[in-house]
Trainee: 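Dropping the structure in here first, questions after.
Residue numbers start at 1 and run along the sequence shown. Below, each value reflects all heavy atoms present in this structure, side chains not excepted, and no hydrogens, waters or symmetry copies. In listed order, ligands and their atoms are each counted from 1.
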Amino acid sequence: MVIVGAGFGGLAAAKALVRKPIDVTIIDKRNYHLFQPLLYQVATADLSPADVAWPIRGIFSKDENVSVLLGRVTDIDTKGAQVIAGELEVPYDYLILATGSRHTYFGKDEWEPYAPGLKRIIDATELRKRILVAFERAETAGDEAEQRRQLNFVVIGGGPTGVEMAGAIARS
Ligand SMILES: Cc1cc2nc3c(=O)[nH]c(=O)nc-3n(C[C@H](O)[C@H](O)[C@H](O)COP(=O)(O)OP(=O)(O)OC[C@H]3O[C@@H](n4cnc5c(N)ncnc54)[C@H](O)[C@@H]3O)c2cc1C
């Protein structure tokens, strides 16, 4: 059994198969599982990146039937039953694809430099940098109008992530 992706889906599948008479290979382009629900706390400096990222090998260190490979899967050879990840060709009997999703700007990709998404650690640390720099600039602002401008944050999207981000910024 090969599982591509060690996010929520891939991890749950692999955990259901530990200590079963079946060889499980997990392939992920990162060697850590990212707990995305707490990324907003990394973005607001409440947590450090290490608090939300756990080595995949560590999670399965006691499970001898599970092995972990680092690789970005680029192709599936369904006829040959192989997963292709760069130089790696990993054969499978059964395959689970759990590669998650990306955020979208719904045709407004030009917004991305101004409003990064929040799906990866690098997104969270970029947001954290921008938020902390805004507070620093507000600290040394010459007048109240400039201070207010620096501390005016706009969050687009009022789903769970947007609401959590807004709450965490307000508390900062
Ligand atoms: C900021 C934020 C807050 C959230 N809060 C909550 C919450 O409070 N409650 C909740 O239930 N859900 C929450 N979610 C949603 C939840 O995190 C996702 O639904 C969940 O992570 C999806 O799991 P997944 O396994 O499908 O994908 P992911 O967790 O995204 O995992 C996909 C994995 O596949 C790997 N991968 C992708 N492409 C490749 C490739 N080509 N080759 C190899 N590996 C690859 C990635 O590295 C990753 O490890 C939140 C999401 C975000 C972004």
Side-chain angles (χ1 to χ4, degrees), residues 1-18 23-61 63 66-78 80-92 94-106 108-109 111-112 114-132 153-172:
M1 163 74 74
V2 170
I3 300 173
V4 182
F8 279 10
L11 269 196
K15 282 185 174 171
L17 297 169
V18 298
D23 291 325
V24 178
T25 302
I26 300 173
I27 308 175
D28 200 295
K29 63 185 177 182
R30 304 186 289 232
N31 70 348
Y32 58 86
H33 166 76
L34 178 61
F35 191 76
Q36 293 176 10
L38 289 181
L39 271 180
Y40 79 97
Q41 292 202 335
V42 176
T44 50
D46 286 331
L47 293 176
S48 85
D51 295 325
V52 299
W54 307 309
I56 303 164
R57 282 195 182 77
I59 296 169
F60 295 101
S61 62
D63 304 312
V66 179
S67 51
V68 178
L69 298 175
L70 177 71
R72 178 188 292 271
V73 171
T74 51
D75 204 0
I76 311 288
D77 171 8
T78 50
Q82 292 193 105
V83 174
I84 315 295
E87 306 278 288
L88 288 176
E89 292 178 351
V90 186
Y92 65 85
Y94 296 94
L95 176 64
I96 295 177
L97 292 176
T99 49
S101 58
R102 293 195 67 235
H103 58 269
T104 176
Y105 288 81
F106 298 102
K108 301 282 184 187
D109 291 349
W111 291 357
E112 184 157 21
Y114 306 103
L118 186 57
K119 287 289 276 183
R120 304 167 301 173
I121 284 179
I122 196 172
D123 299 328
T125 51
E126 172 63 24
L127 283 170
R128 182 175 66 181
K129 185 180 82 186
R130 294 188 194 193
I131 292 167
L132 293 180
F153 298 93
V154 177
V155 178
I156 302 174
T161 301
V163 169
E164 283 168 346
M165 269 304 294
I169 293 171
R171 275 202 318 274
S172 295

Trainee: At a 4.0 angstrom heavy-atom cut-off, what protein residues surround ligand 1?
Mentor: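 Residues near ligand 1: Val4, Gly5, Ala6, Gly7, Phe8, Gly9, Asp28, Lys29, Arg30, Gln36, Pro37, Gly71, Arg72, Val73, Ala98, Thr99, Gly100, Leu118, Lys119, Thr161.
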Trainee: List in chain and number order the residues that pass side-chain hydrogen bond (donor to acceptor under 3.5 Å, both in side chains) with Asp123, two or more places apart in sequence or in another chain; answer none if no residue qualifies.
Mentor: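 In terms of side-chain hydrogen bond (donor to acceptor under 3.5 Å, both in side chains), with neighbours along the sequence ignored, Asp123 is linked to Arg120.
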Trainee: Could you work out, with side-chain hydrogen bond (donor to acceptor under 3.5 Å, both in side chains) as the rule, every residue matching Arg30, not counting sequence neighbours?
Mentor: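 With sequence neighbours excluded, Arg30 shows a side-chain hydrogen bond (donor to acceptor under 3.5 Å, both in side chains) to no residue whatsoever.
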Trainee: Who passes side-chain hydrogen bond (donor to acceptor under 3.5 Å, both in side chains) against Asp63, sequence neighbours left out?
Mentor: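 Result, side-chain hydrogen bond (donor to acceptor under 3.5 Å, both in side chains) vs Asp63: Arg19.
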Trainee: Verify the neighbour count for atom CZ of Arg72: are there more than 12 heavy atoms of other residues, nucleotides or ligands below 6.0 Å?
Mentor: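 Check fails, neighbour count at 12 or below.
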Trainee: Ring-plane angle category for Phe35 and Phe8, please: parallel below 30°, perpendicular beyond 60°, tilted otherwise.
Mentor: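 Phe35 and Phe8: tilted rings.
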Trainee: Check this for me: Tyr105, atom OH, are more than 12 non-hydrogen atoms of other residues, nucleotides or ligands nearer than 6.0 Å?
Mentor: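 Atom OH in Tyr105 is crowded, with more than 12 foreign heavy atoms closer than 6.0 Å.
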